[in-house]
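As the structure lists them, so they are numbered: ligands from 1, and atoms in each ligand from 1.
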Amino acid sequence: MLLSQPRVVVLAGGVGGSKFTLGVRAALRRLNAPEATVVVNTGDDLWLSGVRLQPDVDSITYALAGVNDTERGWGRAGDTERVNEELQAWGAGWPWFTLGDLDLGTHLARTGWLRDGHTPTQVLARMAERWPLGIRMLPMTDSEVDTHVLLEDGGRLHFQEWWTRHRAKLTPLAFENPGIADAAPAPGVTDAIASADVVLIAPSNPVVSIGPILAVPGIRDAVRETSAKVVGVSPIIGGRVVRGMADVCLTAIGVETSAAAVARHYGARSAGGVLDAWLVAEEDAAAAPEVEAAGIPAVVAPLWMRDEESSAAITEAALGA
Ligand code: GDP
Ligand code: CA
């Protein structure tokens, strides 16, 4: 049943999350529905050269504000790298990690407010005042629970080093978020989930974007207990990841890179999981019976997010699920 003005909560990571969130905003505006609440993964966050980076938070903020670099896929449009060159000359930071000048402005502002004693939730609210985002953004938690990658040789890398420096070429054994067992959901997160009509799981990386969000104690239970419909969107199209390294992450946790396997990984809410429905790409229509066999109603829809319109159509399909 399609609710006329649904209250929507989205769980999201960076690139897939921001493309999806743009569509959620557009679809809800057409319905005159309230602004959605997006609970953003902060497992990618890191300290570098004294500043706090929040890659997924910034990807979504920049995309909603329309100031993101759509060609490169990350950072600010029209950015320059003068400060980065100077940092490299000092041998500071990471030589393989580029920080744009405008982007650094964001990190400096954020770090200053954190140092002043504001929580990440408060800092994000303050950042959202600059642009009319049309979405309420909440970090998953105010605790620092940065993702680490455990390697075969016993080594351990920050997720950003594993991905940006090594391009996910070092085989991961596991992903960990040290401290997450003691973390709490950011203020407002569980209330938003409890009072939602629909919870959407974005087509984000199931392991290192949605995984950490659900691993914050209290969030998974809130999703399991809400009266809202919980609808997930497959990040796998035609048996492949669209972009990024979700396939490597899925392999590490023993999940096949297929729409049905990811659905089973999230699980049916009726069987201890979190899903009431799963959107499968048209290319994977043959997988629908396998999803349904796991107790999860499957909806076949076009899942390529080429632009805001195609992304909004995915939200509309999810709201109709
Ligand atoms: P990250 O934090 O930047 O890695 O981005 P996310 O975790 O939010 O999203 C990454 C996932 O988005 C990848 O697994 C991709 O397969 C998926 N993705 C990217 N573009 C699309 C798209 O157009 N359609 C769908 N269904 N998934 C996509
Ligand atoms: Ca991310």
Before accepting this row, confirm whether a basic side-chain N of the pair [X]/[Y] lies closer than 4.0 Å to the acidic partner's carboxylate O.
X	Y	result
Lys229	Asp276	no
Asp58	Arg110	yes
Lys19	Glu308	no
Glu309	Arg30	yes
Asp146	Arg52	yes
Arg72	Asp69	yes

First-shell residues of ligand 1 [heavy atom, distance under 4.0 Å]
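Lining ligand 1 at under 4.0 Å, by heavy atoms, one finds Gly13, Gly14, Val15, Gly16, Gly17, Lys19, Asp56, Pro203, Ser204, Asn205, Ser209, Ser234, Pro235, Ile237, Val241, Val242, Arg243, Ala246, Leu303, Trp304, Met305.
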Aromatic contact, Trp162 with Phe175 (centres under 6.0 Å):
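Between Trp162 and Phe175, the centre distance is under 6.0 Å.
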Are Tyr266 and Trp278 near enough that their ring centres are under 6.0 Å apart?
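Ring centres of Trp278 and Tyr266 closer than 6.0 Å.
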Looking at Val15, is its backbone amide N or carbonyl O close enough to the side chain of Ser18 to form a donor-acceptor pair, meaning the two atoms are under 3.5 Å apart?
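Yes; judged by distance alone, with no hydrogens or angles, the pair exists.
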Take the Ca ion (ligand 2) and tell me which protein N, O or S atoms are nearer than 3.0 Å.
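Counting only protein N, O or S atoms under 3.0 Å from the Ca ion (ligand 2), the list reads Asp44 OD2, Asp56 OD1, Asp56 OD2.
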